[in-house]
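In what follows, chains carry the letters A, B, and so on, assigned in the order in which the sequence lines appear, proteins first and then strands, with residues in each chain numbered from 1.
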Amino acid sequence: MIQTPTIFDRLVLKAAEQIPRGKITTFGEVAKALGDVRAARAVSISVLRDVKSRGGPWHRFVASDGSLGAMAGKKRELLLSEGIPIINSRIRDLERFLVKADEIDVPPILLKMRLAQKKLRERVVLEDRLEEVDLAAGVDVAYGLYRGLEVGYAACVVVDSKLDRVGFKTVRMETTFPYVPTYLAFREMPFIAASTKGIQFDLLLLDGHGIAHPERVGEACHAGLVFGKPSIGVAKSILVGKVVDSVIMHKGEKIGYLVRKEGQSPAFVSPGHLVSLETSRSIVEKFWGRYKQPKPLVLAHEIAKKLKRGDVPPTIDLLHEGG
DNA sequence: GCGACAG
DNA sequence: ATCTTGTCGC
Ligand SMILES: [Mg+2]
């Protein structure tokens, strides 16, 4: 009957155990203890999901401005009973009751993940090491809640140079890590690996950035390196930098291109691995269909959603039915 | 309240 | 990404 929280959820729970009655902490402080404030939202989502599905600890977590966040009514009641002063839906003298990041004993996993990214970055090759590109694979993942678990539905679709779909594979499995900005690869790599396993392709297209990432190692770089395959990232919005004349610039570096087809919203293209900046743009244009993304990604997105809806069964089902 | 951070 | 019907705007 015990559900299976992810590593991230377990660490948030471990942090929760360290907040005594009469004290509070913020989602951001816990995120900092885990290694990056960017995970603040992921912490709040984890806490909320945990109290709803397992009745876990939740009321001693508040927002950094002292506001209470979700389920404010009940939270207010519980905190007041523990001696925390609340005025106008905000904690008064937050500092006085706050348990800060350095007082929370949890492993800094996000710091380690960042180090792993920096290590991977050294191996990224931004030169064309690809021969003919006939088969382009695109992967996308849809997410949903199933019996208190967060489940991902991945689809890998292979398209040939005539833009005909020549194969696909789908996978259903539990999520292992939340979405945290700049760490997307750690959330989606298990799905990318499972859905491409045993599939033949020359190039991998992913729904996210390549080098257009603060550390220059977006999801497309990460996956390309792990598989030793050419890869390109095609995102629907910017993560870092700004667009100047259809070029994505960041810290004085050219990191990608804005590609747009008539009447469509733009796509942001950046190389992942074994492909140059210029070639990444031309290849993506070569596989462009009639939508706002290259065809393999459009199809992968559609199939992933159908899978989630239950319209089609997964090729591989890795979901452990609890009970 | 605004800015804003792939999916 | 997800929650979701009718409604607003180009
Ligand atoms: Mg996606």
A:R76, CZ: over 12 other non-hydrogen atoms inside 6.0 angstrom: no

cation_pi(A:R114, A:Y183) dist<6.0 Å, angle<=45: yes

Sugar-phosphate, base or nothing in reach of A:Y179, heavy atoms under 4.0 Å: base

Side-chain donor-acceptor contact under 3.5 Å, A:E174 with A:Y146: no

Sugar-phosphate, base or nothing in reach of A:F186, heavy atoms under 4.0 Å: nothing

Any side-chain donor near an acceptor of the partner, A:Q293 and A:H301, under 3.5 Å: no

Duplex segments of DNA chain C, taken as runs of at least three Watson-Crick or G-U pairs that stay under 3.5 Å: none

Polar side-chain atom of A:S280 near backbone of A:V275 as donor-acceptor pair, under 3.5 Å: no

Integer-rounded Å distance: C:dA1 P and A:L184 CG: 11 Å

Nucleotide C:dT2, atom P - distance to CD of A:E150 in whole Å: 10 Å

Over 12 non-hydrogen atoms of neighbours within 6.0 angstrom of CG in A:D65: yes

A:K236 side chain near C:dA1 phosphate (N/O to OP1/OP2, under 4.0 Å): yes

Chain A footprint on DNA chain B, 5' to 3' - any atom under 4.0 Å from a heavy atom: B:dA4 to B:dG7

Sugar-phosphate, base or nothing in reach of A:L145, heavy atoms under 4.0 Å: nothing

Residue-phosphate contact under 4.0 Å: A:K305 side-chain N/O, C:dA1 OP1/OP2: no

Flag if over 12 foreign heavy atoms under 6.0 Å of CG, A:L115: yes

Heavy-atom neighbours of A:K286 NZ exceed 12 at 6.0 Å: yes

Donor-acceptor pair between A:T315 and A:T170 side chains, under 3.5 angstrom: yes

For atom CG of A:L307 and atom P of C:dT2, their distance in whole Å: 12 Å

Distance in angstrom units between A:L48 CG and C:dC3 P, rounded: 15 Å

